[in-house]
Amino acid sequence: MIEIQILRDEKERVITGLKKRGFTTERLSIIDQIIDLDDQRKASQTRLDGLLSERNSLSAEIGNLFKSGQAEEANKLKIKVQDIKQTAETHEAELEDIKQKIEDLLVHLPNIPHASVPDGQTPEDNIIHKAWPGDLPQLPEGALPHWELAEKYQLIDFKLGAFITGSGFPLYRGKGARLQRALISYFLDHAQRAGYEEILPPYMVNSDSAYATGQLPDKEGQMYHMEKDDLYLIPTAEVPLTNMYRGQILAESDLPVKITGYTPCFRREAGSYGADVKGLNRVHQFDKVEIVQIAHPKHSYATLQVMLDHVAHLLDALELPYRILHLCGGDMGFTSALTYDFEVFAAGQQKWLEVSSVSNFESFQANRLKTRYRDENGKPQLVHTLNGSALALARIVAALMENNQTEKGIRIPEILIPYTGFDFITLPE
RNA sequence: GGAGGAGUGGCAGAGCGGUUGAAUGCACCGGUCUUGAAAACCGGCAAGGUGAAAGCCUUCGGGGGUUCGAAUCCCUCCUCCUCCGCCA
């Protein structure tokens, strides 16, 4: 949630930024609406405070009158206060109404894109921040996409997953399952070496948490919701990890906070069909290791770069060809100020697949979370939050299988062999 | 799931319905003393809103209610502890 103060102080930047997200002049009027309502809120608050102040002092007086035995005087005042109370109730209702209106508008206002964010509405408008410098893998005649390899090598049973649960819930087995576990372990180990604390969080969150990180109300339909308990299955570890610091005031010396966690991720992804959703390309449940940093506002963009390097290192180690995209305003997530996406090339289907998204949310999430640090004057200030996938498994597995298919079988990258315990996935007996 | 108890400032821990936003202790910050440190002593130390400031308002797990006035009474929800039940 954007700070109203930013709307007031940096209106020009806000307007420029929102235009990048495709805001029309008409939609931009929301800014003035909010400022106007906030002015009303202040005036209303002042009126109410005045009444409450009067009520409080008269109540104290009543107390004193009773103590000194002047019951008659006290009773007179009581009637007066009752009157004030009624007026105050009206004002309070008015104030609540204004606050609610502000909240409703503010909640639907996305983060202001960073100055470097390119204009544009669709993924085609994203800019290639870093292209793959080498050649793309050349596969031999008869190379297969991963969903066929998965069947051939008996690594993933999509049909069985669909039978047990539904489409988009893959069942990994044998070396396929082992490969998942190997990747998770490797990613976590690498994060730990980079100084992140490992967290194993709950996989369901309450609505307060989902609101705080911005999944609600914007992405309501994309999460699985347990109605009976009003809990949501997490779409990403970002939600529980970032919420660890909801409402906290950190010491400046605590920054940066660096945490990582493996979790399954659940996404309803309603309305997606066709070739894009084949095999592992888009599923309802996948595994991911997430890295999260809570940073000093002064350092958050340097931190973003470090996180980018972290992800790049993992992909280099896995020997996967990748490129980095600088997302345009229209393709960026609601809460993000700047996002880089990593895509790996899956040679079996000749497609770039998104495997990581690294973002700086600046104070947008922190404002909702009320996560702050104390500055040198002891004043609480909002932190900046950042996160990135490091990495999302399903599509990594898809690319690994496709790119590494050989006559001998599917080759396992060097770095993973200690984790898998095998260097090739061969045809089943 | 059933019975009982409890939720107060960073922590510990007071708080007859009426200057209690909250005693006290610890922690923390500043100062005095000291060559320096420790100890001792003095002072400061919750968040939010509004305001130039003084001040005023709100907040004692969340929500609602009673009252002129609620941390203190009532209702409800949540969380934690103890016991019983069930259970990987």
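No experiment lies behind these values; they were computed from the predicted model shown. In the text below, chain A, chain B and the rest are named by the order of the sequence lines, each starting its count at 1.
Take the nearest nucleotide of RNA chain B for A/Asn64 and for A/Thr46: the residue whose nucleotide is more 5' is A/Asn64. Toward the 5′ end of RNA chain B lies the nearest nucleotide of A/Asp38, the other residue of the pair A/Asp38 and A/Leu52 mapping further downstream.
Here A/Tyr203 pairs with nothing under the side-chain hydrogen bond (donor to acceptor under 3.5 Å, both in side chains) rule; sequence neighbours left out.
Between A/Arg47 and B/C57 there is no side-chain N or O to OP1 or OP2 distance below 4.0 Å.
Inspection of the A/Tyr196 and A/Gln293 side chains reveals an N or O donor paired with an N or O acceptor under 3.5 Å.
As rounded to the nearest Å, B/C11 and B/C45 have C1' atoms that lie 14 Å from one another. Taking the C1' atoms as reference points, B/C75 lies 16 Å from B/U67, given to the whole Å.
Within 6.0 Å of CZ on A/Phe163 lie no more than 12 heavy atoms contributed by other residues, nucleotides or ligands. The neighbour count for A/Arg13 CZ, taken as heavy atoms of other residues, nucleotides or ligands under 6.0 Å away, is above 12.
From A/Asp341, atom CG reaches atom OG of A/Ser356 across 7.5 Å, with rounding to the nearest 0.5 Å. Atom OG of A/Ser44 is separated from atom NZ of A/Lys99 by 9.0 Å, given to the nearest 0.5 angstrom.
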**Fill in**
Scoring nucleotides 60-81 of chain B by protein non-hydrogen atoms under 4.0 Å (B base, S sugar-phosphate only, - none) yields -------BBS------------

